[in-house]
Amino acid sequence: MQMQGRRVVITGAASGIGRETALVLAREGATVVIGDINEAGAAATAADIEAAGGRAWAVGTDVTSAAEMERLMASAAERMGGIDTIINNAGVQRSGRVDAFAEADWDLLMEVNPKSCFLGVKYGVPYLRAAGGGAIVNTASLAGLKGGPGMTAYSASKGAIVAFTKALAAELAPD
């Protein structure tokens, strides 16, 4: 029960890494609010947590929207009585040769991957401060440190998360 009493907001937990992270955190005692554009998947994750005896809520959230991320954090803080941990996990992947890569796919990667981390922090940090501190986890990828053929845009989006997180750590350390 290492997360007993912790209040966690996690994005992108309708499936994959986010879903498994939410399930583990709940098993360890955390209360979890899941923000995901896939409302049915988020609700299923929350239902599985509840069925196992945990506490969770799903909030349909477009992580590329400032208004929706602000609403997610406010709703989560109200439901849980505050926020201790933010996990910016939502992400998308597209690959292809740079000379044939669609601009719309580039924009999608940048909107979902690094921008959602920025929005999660922007609207979540006031709640962490109110709680007297907390933790922020931004899910990146090895691709953000080491690119590969056909991974130019994805690597750039995940590399932005790595750089953002390093700068964020220095900026928020006093808090």
Side-chain angles (χ1 to χ4, degrees), residues 1-92 111-141 158 160-175:
M1 300 303 281
Q2 295 178 20
M3 296 295 290
Q4 187 68 42
R6 302 297 289 184
R7 302 162 297 181
V8 179
V9 176
I10 182 169
T11 63
S15 63
I17 293 169
R19 175 181 163 76
E20 292 306 314
T21 302
L23 294 171
V24 168
L25 291 171
R27 266 197 310 273
E28 290 295 323
T31 301
V32 181
V33 170
I34 300 158
D36 203 297
I37 199 164
N38 177 349
E39 293 184 41
T45 300
D48 288 346
I49 289 170
E50 296 260 324
R55 292 182 40 162
W57 295 274
V59 179
T61 307
D62 176 352
V63 298
T64 69
S65 165
E68 290 197 25
M69 288 294 279
E70 184 175 26
R71 180 180 55 85
L72 170 65
M73 296 301 168
S75 173
E78 182 179 323
R79 289 178 186 210
M80 297 187 294
I83 299 171
D84 303 301
T85 304
I86 300 166
I87 303 175
N88 293 306
N89 175 73
V92 295
E111 282 281 306
V112 174
N113 296 347
K115 183 180 177 184
S116 68
C117 292
F118 161 70
L119 293 174
V121 170
K122 177 178 177 64
Y123 295 111
V125 162
Y127 297 103
L128 296 182
R129 284 188 177 125
I136 300 169
V137 177
N138 296 319
T139 303
S141 168
K158 292 300 186 169
I161 294 170
V162 172
F164 172 73
T165 303
K166 288 178 180 180
L168 186 66
E171 182 176 321
L172 295 180
D175 294 318

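Note that the structure is a prediction, hence the values are computed from the model and not measured. We use all heavy atoms of the structure for the numbers below, so side chains are in, but hydrogens, waters and symmetry mates are not.
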Flag the pair Thr21 / Thr139 as yes when at least one side-chain heavy-atom distance between them is below 4.5 Å, and no otherwise.
-> no
Exercise answer: donor-acceptor pairs, residues 116-132 side-chain atoms, under 3.5 Å, sequence neighbours excluded:
| unit_1 | atom_1 | unit_2 | atom_2 | d |
| --- | --- | --- | --- | --- |
| Ser116 | OG | Val112 | O | 2.4 |
| Ser116 | OG | Asn113 | O | 3.2 |
| Arg129 | NE | Asp175 | OD2 | 3.1 |
| Arg129 | NH2 | Asp175 | OD2 | 2.9 |

Residues Met80 and Val9: closest non-hydrogen pair is CE-CG2, 4.0 Å
With sequence neighbours excluded, give me every side-chain hydrogen bond (donor to acceptor under 3.5 Å, both in side chains) pair touching residues 53-62.
-> Asp62-Thr64
Return the minimal non-hydrogen interatomic distance between Ala46 and Ala58, and the atom names on each side.
-> CB-N, 4.1 Å
When rounded to the nearest 0.5 angstrom, what distance separates CD1 in Ile34 from CG in Asn89?
-> 11.0 Å
Between OG on residue Ser65 and NZ on residue Lys115, distance to nearest 0.5 Å = 7.5 Å
Could you walk me through whether Met69 and Val63 pass side chain to side chain contact (heavy atoms under 4.5 Å, CB included), step by step?
-> CA-CA 6 Å; Met69 288 294 279; Val63 298; 3.9 Å; yes
Mark yes when over 12 heavy atoms from residues, nucleotides or ligands other than Gln4 sit less than 6.0 Å from its CD; otherwise mark no.
-> yes
What's the spacing between Ile87 CD1 and Thr11 OG1 if we round to 0.5 Å?
-> 9.0 Å
dist Arg7:CZ -> Asp84:CG (nearest 0.5 Å) comes out at 4.0 Å
Of all heavy-atom pairs linking Ala170 and Pro174, the shortest is O-CD, 4.0 Å
Do Asn138 and Leu168 have side-chain heavy atoms sitting under 4.5 Å apart?
-> yes
Please step through side chain to side chain contact (heavy atoms under 4.5 Å, CB included) for the pair Val59 and Arg71, ending with a clear verdict.
-> CA-CA 9 Å; Val59 179; Arg71 180 180 55 85; 3.4 Å; yes
For residues 23-46, which residue pairs qualify under side-chain hydrogen bond (donor to acceptor under 3.5 Å, both in side chains), counting only residues two or more places apart or in two chains?
-> Arg19-Thr45
Heavy-atom side-chain contact between Ile86 and Met73 under 4.5 Å | yes
Identify the two heavy atoms, one from Gly18 and one from Ile10, that lie closest to each other, and give their separation to 0.1 Å.
-> O-CD1, 3.6 Å
Below 4.5 Å, heavy atoms only, C-beta onward: do Leu25 and Thr85 meet side chain to side chain?
-> no
If every non-hydrogen atom of Pro114 is compared with every non-hydrogen atom of Ala160, which pair is closest and at what distance?
-> CB-CB, 3.9 Å
